[in-house]
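Bear in mind that the values here come from a model prediction, so they are computed numbers and not experimental data. Atoms within a ligand are numbered from 1 in the order they appear, just like the ligands themselves.
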Amino acid sequence: MQTFYTDLLCIGGGLAGERVAVEAAQAGFDCIILSLVPPRRSHSCAAQGGMQAALGNCAMGEGDNPDIHFEDTVKGSDWGCDQEVARLFADTAPIVMRELAFWGVPWNRVVPGPATYFKGGQKFEVYEKEEKAGLITARAFGGTAKWRTCYTSDGTGHCVLYTLDSKVLELGVKIHDRVEALSLIHDGENCFGVVARSLRTGELLVYFAKAVLIATGGYGRLYKHTTNAVINQGTGLILALDTGIVPLGNMEAVQFHPTGIVPTDILVTEGCRGDGGTLLDKNGYRFMPDYEPEKAELASRDVVSRRMTEHMRKGFGVKSPYGEHLWLDIRHLGEKHITTKLREVYDICQNFLGINPVHELIPVRPTQHYSMGGVRTNKDGAAYGLKGLFAAGEAACWDLHGFNRLGGNSLAETVVAGRIVGAKIVEFLKGYEVDIKTQYATAEVKKQEERINELKSKQGRENVYQLRNEMQEIMMEKVGIFRNEKDLQEAVNRLQELLDRSKNLGLVSDGIGANPELAEALRLPGMIKVALCIAYGALQRKESRGAHYREDYPYRNDKEWLNRTLAYWEEGADLPTLKYEPASKVFYLPPGDRGYGEGKVIPKDDNTEEKE
Ligand SMILES: Cc1cc2nc3c(=O)[nH]c(=O)nc-3n(C[C@H](O)[C@H](O)[C@H](O)COP(=O)(O)OP(=O)(O)OC[C@H]3O[C@@H](n4cnc5c(N)ncnc54)[C@H](O)[C@@H]3O)c2cc1C
């Protein structure tokens, strides 16, 4: 069996994994990145709109600073985030944007002179200042007081990932792609590495490392309709859950994006609305200002997604063979704007819808998009429960986003957390000698071998794809934008049945190496467990906060629920064990009204009054 030794093992070659690797490699540490695909094909590459940092360079961002960014982030999170982390993030983001420019990211820049912008459907004539010429500019995104989303047209993720990938190659980081981490090697106190499987040959591999980072991205593929890539199945979270001692944080916090196109669910960026796009119903009527007079289409994503669904429920959706939808209108932005600053959107519309957005409306509906929850870490990125285990990016619950992340804050999180957590890992690695106990690796390899042999030999009745599809349907129908006790309980019951049935899988193909069915069968039980953490967490949280909306508990209840859910999976259990911790140790910004959305709050210190 091939065995590798390294200082830092990054599981994941997206932006978070690569940015952490840069930090460690620059400090002279040996680093290996594992990835299911060549790193440049990670989901980060699909990010379009941009990343937030309070640079205050463009006219519409004038006067911006990290304090305002911090406030927007906390309000966006519906006070569910860790405020120390939000502060650290807002302060560091401007530095990281400039650093990325230095490494080669071709940010859009301020062009001095008169400029016309659209905001909330209104036209603004402004003057971009001479002294700001050539500085990094920004566009609007939802839930922000200033324009601060830095971008490279609508291919931001692509540009930043290619830049970072070149950087890791330059620094000599080793990339092992088409390798899947299957389980962590640990003794209950220290993490020593992982057992992985080559997706090309089927061979099991052992990686020993002093520090292990989980940076495996989101889990959108637990849902039927998602903007996420097919590899976003939450496998990194399974690694943590399977230890029984590393918890996942706030798994019930799942974000839906207002504009997935129908029927493919491919995302068209929030930049469309940021740049002035509007949402229309079946009558061509712009409905968002009726619900959200101030922010309209640019309220936070949870709010816009709910309002869209509500409007469709009232009978204003457009009927189609693929279900109901609404329209996104960007026609008034004009051909030049659309084919330059929104050129990916232009291409997506042409290639996947056969329409020209310069002249035609885009069919959209809210679609699963982002996972606020993940492997719970402290503000240094160290996972709870195991020394030497870290997490960053979408796979982590650091916890910057609480119950709703702002658009543009996730891409920024990957590189900002990457820098901060990377530096902490460097501190950890300096002078750290771990006594690697190889017997734990031997036991873990044996366990994985047995799983594979059992799957290959046993001709169970259950089809892996059918079970997966059932799970995705349950999550979409019962654990979606609007939630209630009855649906959530049903979801939990049915997911438990699926977990049971997943013990009886029968494979159609018997290949060892590049066998996608076997790979899926190895993941499926873990994916169902992750789904159960979401559904069960949502069932227990009897309030509405950010993206977690309970029709039967429509108030945000700070008195009882200003906390974070921690989900553990004990061996042999059929449900997670839930514990809770305070949402934040400090409240620099005391809980209040977000200024958009439903605004129903049961305050922390007063149980007599319900504010509306
Ligand atoms: C279509 C789309 C557009 C978006 N646009 C924006 C935007 O404009 N602004 C914004 O802020 N955010 C945006 N987001 C969100 C943002 O892009 C992601 O949250 C972020 O890029 C995640 O980065 P990551 O490094 O954490 O994970 P990813 O980029 O998803 O990378 C995960 C990595 O982990 C690897 N991996 C997974 N499991 C395993 C395993 N078991 N073993 C080995 N390797 C594994 C994968 O191969 C991959 O390399 C968008 C998301 C989507 C889906």
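- Summarising the contacts of atom 32 (C) of ligand 1 with Thr149, Thr216, Ile214, the nearest heavy atom is found in Thr216.
- Between Phe4 and Tyr207, the ring planes are parallel. Angles under 30° get that label, and only those over 60° would be called perpendicular.
- Residue Ser42 has at least one nitrogen or oxygen atom sitting less than 3.5 Å from a nitrogen or oxygen atom of ligand 1, judged on distance alone.
- With a 4.0 Å cut-off on non-hydrogen atoms, Arg41 does not touch ligand 1 at all.
- In summary, the side chains of Ser371 and Glu394 do present a donor paired with an acceptor at a separation below 3.5 Å, with no hydrogens or angles considered.
- Residue Glu394 has at least one nitrogen or oxygen atom sitting less than 3.5 Å from a nitrogen or oxygen atom of ligand 1, judged on distance alone.
- Those atoms of ligand 1 that come under 4.0 Å of a heavy atom in Glu180, given as number and element, are 41 (N), 42 (N).
- Scanning all protein heavy atoms for the shortest distance to atom 14 (N) of ligand 1 gives Arg405 NH2, 3.7 Å.
- Interface of Asn228 with ligand 1, defined as ligand atoms under 4.0 Å from a residue heavy atom, comprises 53 (C).
- Put simply, the side chain of Thr226 never gets that close to the backbone of Tyr223: no donor and acceptor are under 3.5 Å apart.
- Using a 4.0 Å heavy-atom cutoff, His369 is listed among the residues neighbouring ligand 1.
- Tyr384 and Arg376 share a side-chain donor-acceptor pair at under 3.5 Å.
- Crowding of Lys424 atom NZ: a count of heavy atoms from other residues, nucleotides or ligands under 6.0 Å not exceeding 12.
- Near Ala16, meaning under 4.0 Å from any of its heavy atoms, are these atoms of ligand 1: 25 (O), 26 (O).
- Distances from atom 23 (O) of ligand 1 to the heavy atoms of Ser44, Gly12, Gly14 show the closest one on Ser44.
- When only non-hydrogen protein atoms are considered, atom 16 (C) of ligand 1 lies nearest to Ser410 OG, 3.4 Å.
- Among Gly50, Cys45, Ala391, the residue whose heavy atom lies nearest to atom 9 (N) of ligand 1 is Gly50.
- Residue Tyr370 has at least one heavy-atom neighbour below 4.0 Å for each of these atoms of ligand 1: 19 (O).
- Applying the 4.0 Å criterion to heavy atoms of Leu15 picks out, from ligand 1, the atoms 25 (O).
- Considering both main-chain and side-chain atoms, Gly13 comes within under 3.5 Å of ligand 1 through a nitrogen or oxygen pair.
- Checking His225 against Gln368 by side-chain atom types alone, no donor-acceptor pair falls below 3.5 Å.
- Heavy atoms of other residues, nucleotides or ligands lying less than 6.0 angstrom from OH of Tyr465 number more than 12.
- Of the possible donor and acceptor atoms, one in the side chain of Asn378 sits under 3.5 Å from a partner among the backbone N and O of Ala382.
- With respect to the salt-bridge test (charged N to carboxylate O, under 4.0 angstrom), the residues Arg523 and Glu520 qualify.
- A donor and an acceptor atom, one from each side chain of Gln233 and Arg221, are nowhere located under 3.5 Å apart.
- Both the sub-6.0 Å distance and the 45° axial angle are satisfied by Arg405 relative to the ring of Tyr370.
- The protein atom (non-hydrogen) at minimum distance from atom 38 (N) of ligand 1 is Thr235 OG1, 2.9 Å.
- The protein non-hydrogen atom at the shortest distance from atom 27 (O) of ligand 1 is Gly217 CA, 3.3 Å.
- Geometrically, ligand 1 and Ala181 share a nitrogen or oxygen pair separated by less than 3.5 Å.
- Side chains of Thr137 and Asn57: no donor on one and acceptor on the other come within 3.5 Å.
- Within the 4.0 Å heavy-atom criterion, the part of Leu267 lying near ligand 1 is the side chain and not the backbone.
- In the vicinity of Thr414, heavy-atom distances shorter than 4.0 Å reach the ligand 1 atoms 20 (C), 22 (C), 23 (O).
- In this structure, the protein non-hydrogen atom closest to atom 4 (C) of ligand 1 is Ala47 CA, 3.4 Å.
- Here's the thing with Leu411: one of its N/O atoms is less than 3.5 angstrom from an N/O atom of ligand 1.
- With a heavy-atom cut-off of 4.0 Å, Val179 touches ligand 1 through its backbone alone.
- Across His257, Met51, His43, Glu413, heavy-atom proximity to atom 1 (C) of ligand 1 is greatest for His43.
- The environment of NZ in Lys379 is sparse: at most 12 heavy-atom neighbours from other residues, nucleotides or ligands sit within 6.0 Å.
- Residue, atom and distance of the protein heavy atom nearest to atom 45 (C) of ligand 1 are Leu36 CG, 3.5 Å.
- For the pair Thr269 and ligand 1, the shortest N or O to N or O distance does not fall below 3.5 Å.
- Short contacts between ligand 1 and Ala215, defined as distances under 4.0 Å to a heavy atom of the residue, involve ligand atoms 32 (C), 33 (C), 34 (O).
- The ligand atoms of ligand 1 that sit less than 4.0 angstrom from a heavy atom of Asn409 are 11 (O).
- Screening residues 34-43 for side-chain hydrogen bond (donor to acceptor under 3.5 Å, both in side chains), with sequence neighbours left out, gives Arg40-Asp165, Arg40-Ser166.
- In this structure a side-chain-to-backbone donor-acceptor pair under 3.5 Å is present from Glu297 to Leu279.
- For atom 44 (N) of ligand 1, the nearest non-hydrogen atom from the set Gly407, Ser35, Gly374, Gly49 comes from Ser35.
- Within the structure, salt bridge (Lys or Arg N to Asp or Glu O under 4.0 Å) pairs that include any residue of residues 237-263 comprise Asp242-Lys529, Glu252-Arg541 (at least two apart or interchain).
- For the residue pair Asn108 / Thr152, no side-chain donor-acceptor distance below 3.5 Å is found, with atom types taken as modelled.
- A side-chain donor-acceptor contact under 3.5 Å links Thr227 and His369.
- Every heavy atom of Gly157 sits 4.0 Å or more from the atoms of ligand 1.
- In this structure, Thr156 does not count as a contact residue of ligand 1, since none of its heavy atoms falls inside 4.0 Å of the ligand.
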